[in-house]
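One structure below.
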Amino acid sequence: MLKIGDSAPTFSLPDADMETVDLAGYLKRDTIVLFFYPKDCTPCCTREVTDFSDHEGDFQRLGCVLFGINRDDCLKHQEFRDREGIGTRLLSDAEGSVCQQYGVWQAREVDGQKKFGIVRSTFVIDRNGLIRHALYNVNYKGHALDVLRLVKELDS
């Protein structure tokens, strides 16, 4: 798992429109918020992603870009985005390599069996590529506003 002060792993992933997003291209220019969520079109994930999307303008005014990441493919992201009116770019980590780099692909016990999945997590990365906040196992309720507050504190 990553911690405050670690260098953020860089990556290139496709978004819902199959355009490649290269994280390194945003460094030196923007603060970056990466939020990892388990699955498109589920109630809790829909609430989390739409909350981030609803506040995207507030993040942008602070010089911050948002990316939502999970292992769903680009077409699933596209359907989800279009149905829910999501403006935030959703990135597909179908292979799971970025999830592993950020330590969000974890085992947990479900009905007595060990299953792997994405632990809902968020990372705030400064313009120097350092992790300023590493939030694992977060609650989706009010999370977008909590992260917005953390980004505001970086600028003050």
Side-chain angles (χ1 to χ4, degrees), residues 1-3 6-27 29-60 64-125 129 131-148 150-151:
M1 291 175 36
L2 297 172
K3 56 190 178 312
D6 286 348
S7 290
T10 57
F11 58 82
S12 294
L13 288 175
D15 69 6
D17 295 318
M18 296 182 216
E19 294 177 14
T20 300
V21 171
D22 184 1
L23 190 70
Y26 291 88
L27 298 175
R29 185 178 79 190
D30 299 296
T31 299
I32 302 162
V33 170
L34 302 179
F35 63 95
F36 291 81
Y37 64 102
K39 194 147 187 61
D40 290 345
C41 304
T42 59
C44 296
C45 292
T46 299
R47 176 75 186 273
E48 179 184 17
V49 175
T50 56
D51 279 353
F52 272 110
S53 183
D54 289 348
H55 295 287
E56 189 163 24
D58 298 323
F59 282 97
Q60 288 173 341
C64 183
V65 293
L66 299 173
F67 298 108
I69 303 174
N70 74 13
R71 293 193 61 182
D72 289 331
D73 64 31
C74 296
L75 294 176
K76 180 94 177 197
H77 279 337
Q78 193 174 70
E79 289 172 21
F80 179 49
R81 177 198 65 194
D82 294 347
R83 183 175 34 169
E84 299 296 335
I86 295 164
T88 303
R89 288 178 86 177
L90 304 177
L91 308 183
S92 174
D93 183 25
E95 303 295 317
S97 60
V98 175
C99 290
Q100 288 183 352
Q101 287 177 309
Y102 278 81
V104 303
W105 187 251
Q106 297 179 14
R108 55 190 152 188
E109 198 168 306
V110 178
D111 298 326
Q113 292 186 337
K114 187 177 185 179
K115 294 190 178 191
F116 281 86
I118 292 176
V119 172
R120 194 180 308 278
S121 305
T122 302
F123 302 87
V124 178
I125 303 166
I131 295 190
R132 298 295 297 273
H133 296 281
L135 310 166
Y136 288 93
N137 203 24
V138 300
N139 185 327
Y140 70 93
K141 292 179 184 175
H143 182 58
L145 286 176
D146 290 341
V147 174
L148 182 61
L150 293 173
V151 170

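Predicted model, so just to flag it, every value in this text is computed and none were measured.
Not a single donor-acceptor pair under 3.5 Å links the side chain of Tyr140 to the backbone N or O of Val49. Between the side chain of Tyr136 and the backbone N or O of Leu2, at least one donor-acceptor pair lies under 3.5 Å.
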Show every donor-acceptor pair shorter than 3.5 Å between a side-chain atom in residues 81-94 and any protein atom, with sequence neighbours excluded, or say none if there are none.
from, atom 1, to, atom 2, distance (Å)
Arg81, NH1, Asp17, OD1, 3.0
Arg81, NH1, Asp17, OD2, 3.0
Arg81, NH2, Asp17, OD1, 3.2
Thr88, OG1, Glu56, OE1, 3.4
Arg89, NE, Asp15, OD2, 3.0
Arg89, NH1, Tyr26, OH, 3.2
Arg89, NH2, Asp15, OD2, 2.8
Ser92, OG, Asp72, O, 2.7
Asp93, OD1, Gly96, N, 3.3
Asp93, OD1, Ser97, N, 3.2
Asp93, OD1, Val98, N, 3.4
Asp93, OD2, Val98, N, 3.1
Asp93, OD2, Cys99, N, 2.7

Validation: residues 111-118 side-chain donor-acceptor distances under 3.5 Å, sequence neighbours left out:
none

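Counting heavy atoms from C-beta outward, Leu66 and Gln60 have side chains that stay 4.5 Å or more apart. Side-chain contact between Val21 and Leu13 is absent, with no heavy atoms from C-beta onward closer than 4.5 Å. Taking the side chain as every heavy atom from C-beta outward, His55 and Leu145 approach each other to under 4.5 Å.
Atoms CZ and CG, from Arg108 and Asn137 in turn, are 8.0 Å apart once rounded to the nearest 0.5 Å. How far CH2 of Trp105 is from OG of Ser121: 12.5 Å, rounded to the nearest 0.5 Å. Considering CG of Leu27 and CD1 of Ile125, their distance stands at 7.0 Å, rounded to 0.5 Å. The distance from atom NZ of Lys39 to atom SG of Cys45, rounded to the nearest 0.5 Å, is 9.0 Å. Separation of atoms CZ (Phe35) and CD (Glu48) is listed at 6.0 Å; rounding is to 0.5 Å. Here the CZ atom belonging to Arg132 is positioned 13.0 Å from the CD1 atom belonging to Ile32, to the nearest 0.5 angstrom.
Ring to ring, Phe67 and Phe52 are not that close: their centroids are 6.0 angstrom or more apart.
When each of Ile69, Leu34, Val119 is tested with Tyr102 by the rule side chain to side chain contact (heavy atoms under 4.5 Å, CB included), just one qualifies, namely Leu34.
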Criterion side-chain contact (heavy atoms from CB on, under 4.5 Å) on Asp40 and His77, from CA distance to verdict: CA-CA 7 Å; Asp40 290 345; His77 279 337; 2.6 Å; yes

Stepwise side-chain contact (heavy atoms from CB on, under 4.5 Å) check, Leu135 with Leu150: CA-CA 11 Å; Leu135 310 166; Leu150 293 173; 3.8 Å; yes

CA sep, side-chain torsions, deciding dist, call: Thr46, Phe80, side-chain contact (heavy atoms from CB on, under 4.5 Å): CA-CA 9 Å; Thr46 299; Phe80 179 49; 3.4 Å; yes

Pair Phe59-Leu148, side-chain contact (heavy atoms from CB on, under 4.5 Å): steps then yes or no: CA-CA 7 Å; Phe59 282 97; Leu148 182 61; 3.7 Å; yes

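Classification of Lys3 and Asp6 as a salt-bridged pair holds, one side-chain N sitting under 4.0 Å from a carboxylate O.
Judged as a side chain to side chain contact (heavy atoms under 4.5 Å, CB included), and not counting sequence neighbours, the contacts of Ser12 are Thr20, Asp22.
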